[in-house]
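Input: a single structure, listed below in structure tokens.
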Amino acid sequence: MNEGRIPRSATVIDRIDESPTVFTLRLRLEEDPDTPFVFRPGQFNMVGVFGVGEVPLSIVSDPLDIDFFDHTVRIVGRVTTAMARVRPGERLGIRGPFGSGWPVEQAVGRDIVLVSGGLGCAPLVSVVNYISRRRDQFGQMTLLHGVKSPEEMIYRERFKELSRQDRTRILLTSDRAGDGWEGSVGPVTALLDDLRFNPDTTSAKLCGPEPMMVAAVKKLITGGMAEEEIFVSLERSMQCAEGLCGHCMLVGHFICRDGPVFRYRDIRPLLEHKGL
């Protein structure tokens, strides 16, 4: 039997409230706590509340953290509402990891541009953590992140900590301003207008609403970046995580199995076709 279809029990060892509707859970597998949970940045788990259901969640921690793994969750439905009531010491079901990951090994020695919107930053957080823990292996890292309002900005302290690292730029923006907001105001794609990068040595990774990603990619290409150096993470209704149910099928691609990370060049016709 495929082990990926059998949930494993994981204990919640910590919980961090990121905003009124977003929280991060730190988990440890129960069956063999001395065996590291092996995954690649960009992969996801099916995380379940026993007796309620399961949802796909990106793994946001770094693979070097072998004693635990993290998931950032937004309360949007029945399962995540039940998950919000879970406290340290309680258990969740884990299936995974699933899907493709970000090609971080191919980016060694290159500058990295990361573009995200809303909670789309979660799939990229694993990349941020990966690079920051291996800083001497990469060039300049630039993170551009946008939200609708300042209240939706999560990871604030983490962003401040990252901005103090060498060769690291953190550019934050909100569609509208608010009290105490110190970042830019406007869509995240506007931050690309003043971004300068060497197209011969730079790779990009994007996650967020698909119209945002399409607009951002066009600006990167206009700046000289090659399509084969641009990667995107897609979101669909992933329910089985193995390409069996067909809920996440996108014209011959199963997002759960073939993605969620794709080279932009390979997925471009589908992203730019309205209705898909």
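It should be emphasised that the depicted structure is a prediction, and the values quoted were computed from it without experimental measurement.
Under the 3.5 Å distance criterion, the side-chain polar atoms of R167 are matched with a main-chain donor or acceptor of R135. Between the side chain of T168 and the backbone N or O of D166 there is at least one donor-acceptor pair closer than 3.5 Å. The backbone N or O of F23 sits nowhere less than 3.5 Å from a side-chain atom of R74 that would complete a donor-acceptor pair. Checked by atom type and distance alone, the side chain of Q43 pairs as donor or acceptor with a backbone atom of R40 at under 3.5 Å. At distances below 3.5 Å, not a single donor-acceptor pair connects side-chain atoms of S184 with backbone N or O atoms of T173. With hydrogens and angles disregarded, a donor-acceptor distance shorter than 3.5 Å links the side chain of N129 to the backbone of V60. Remark: the backbone N or O of S19 is not paired with any side-chain donor or acceptor of D17 at under 3.5 angstrom.
A heavy-atom distance below 4.5 Å is not found between the side chains of V113 and Q140. Side chains of V261 and V232 form no contact here, defined as non-hydrogen atoms less than 4.5 Å apart. Side chains of Y155 and V128 form no contact here, defined as non-hydrogen atoms less than 4.5 Å apart. With contacts defined as side-chain heavy-atom distances shorter than 4.5 Å, the pair F197/L195 qualifies. Counting heavy atoms from C-beta outward, W102 and L124 have side chains that approach closer than 4.5 Å. Side chains of V115 and M212 form a contact here, defined as non-hydrogen atoms less than 4.5 Å apart. When side chains are defined from C-beta on, V22 does not count as touching V73, because their heavy atoms never get closer than 4.5 Å. Under the 4.5 Å side-chain criterion, counting only non-hydrogen atoms from C-beta, P63 is not in contact with V38.
Here the CD1-CD distance, from I170 to E161, works out to 10.5 Å after rounding to the nearest 0.5 Å. Rounding to the nearest 0.5 Å places CE of M83 at 5.5 Å from CG of L57. One finds the CD atom of E235 at 7.5 Å from the SG atom of C207 (value rounded to the nearest 0.5 Å).
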**Item:** Chi angles and distances behind the side chain to side chain donor-acceptor pair (under 3.5 Å) call for Q239, S237
**Value:** CA-CA 6 Å; Q239 298 188 20; S237 178; 3.1 Å; yes

**Message:** Working note: L234 + I255, criterion side-chain contact (heavy atoms from CB on, under 4.5 Å); need CA distance, chi angles, decisive distance, verdict.
**Reply:** CA-CA 7 Å; L234 304 186; I255 303 303; 3.9 Å; yes

**Message:** side-chain contact (heavy atoms from CB on, under 4.5 Å), that's the test. Do D70 and L27 meet it? Break it down for me.
**Reply:** CA-CA 6 Å; D70 294 345; L27 304 170; over 6 Å; no

**Request:** Dump the intermediate steps for side chain to side chain donor-acceptor pair (under 3.5 Å) on S149 and S174, then the final yes or no.
**Result:** CA-CA 5 Å; S149 65; S174 172; 5.6 Å; no

**Message:** Quick one, F39 with S61, criterion side-chain contact (heavy atoms from CB on, under 4.5 Å). Give me CA distance, side-chain angles, the key distance, then yes/no.
**Reply:** CA-CA 10 Å; F39 66 93; S61 49; 3.9 Å; yes

**Message:** Go through it in stages, so that I can follow the logic: the residues are L271 and Y264, the test is side-chain contact (heavy atoms from CB on, under 4.5 Å), and I'd like the CA-CA distance, side-chain angles, deciding distance and then a yes or no.
**Reply:** CA-CA 9 Å; L271 282 184; Y264 178 75; 3.9 Å; yes

**Request:** Dump the intermediate steps for side chain to side chain donor-acceptor pair (under 3.5 Å) on T201 and R110, then the final yes or no.
**Result:** CA-CA 5 Å; T201 60; R110 301 180 65 83; over 6 Å; no

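Residues H145 and C121 come closest through the heavy atom pair CE1-CB, 3.4 Å. Of all heavy-atom pairs spanning P7 and G93, the tightest one is CB-CA, 4.4 Å. Across all non-hydrogen atoms, the minimal contact from G53 to V79 is O-CG1, 3.6 Å. Of all heavy-atom pairs spanning P150 and G178, the tightest one is CG-N, 3.7 Å.
Hydrophobic clustering (ILVMFWY, side-chain heavy atoms < 4.5 Å, transitive): L172 and V185 are in one cluster. Residues V214 and I230 share a single hydrophobic cluster, defined by chaining ILVMFWY side chains whose heavy atoms lie under 4.5 Å apart.
Just one residue in the list E229, K205, R263 forms a side-chain contact (heavy atoms from CB on, under 4.5 Å) with P103, and that residue is K205. Each of V55, L92, V47 was checked for a side-chain contact (heavy atoms from CB on, under 4.5 Å) with H71, and the lone residue meeting it is V47.
Under the 30°/60° scheme for interplanar angles, the aromatic rings of F98 and F44 are found to be tilted. Ring geometry for H253 versus F262: interplanar angle over 60°, hence perpendicular rather than tilted (30 to 60°).
Around CZ of R91, the count of heavy atoms belonging to other residues, nucleotides or ligands within 6.0 Å does not exceed 12. Counting non-hydrogen atoms of other residues, nucleotides and ligands closer than 6.0 Å to CZ of R176 gives a total of 12 or fewer. Atom CG of D193 has more than 12 neighbouring heavy atoms from other residues, nucleotides or ligands inside a 6.0 Å radius. Around CD of E152, the count of heavy atoms belonging to other residues, nucleotides or ligands within 6.0 Å exceeds 12.
Between K148 and D175 no salt bridge is recorded (no basic side-chain N to carboxylate O distance below 4.0 Å). Between E210 and R236, at least one side-chain nitrogen of the basic residue sits less than 4.0 Å from a carboxylate oxygen of the acidic one, meeting the salt-bridge criterion. Using a 4.0 Å cut-off between a side-chain N of Lys or Arg and a carboxylate O of Asp or Glu, R134 and D136 do not qualify as a salt bridge. Between R5 and E242 there is a salt bridge, since a side-chain N of the basic residue sits under 4.0 Å from a carboxylate O of the acidic one. Ion pairing between a basic and an acidic side chain is recognised when a charged N comes within 4.0 Å of a carboxylate O; R133 and D65 show such pairing. The pair R268-E227 meets the salt-bridge criterion, with a side-chain N (NZ, NE, NH1 or NH2) lying under 4.0 Å from an Asp/Glu carboxylate O.
Figure legend: cation-pi geometry between R28 and F69 absent, as NZ or CZ is not positioned both under 6.0 Å from the six-membered ring centre and within 45° of its axis.
Applying the side-chain hydrogen bond (donor to acceptor under 3.5 Å, both in side chains) test to pairs two or more places apart or on separate chains, none has a residue in residues 76-89.
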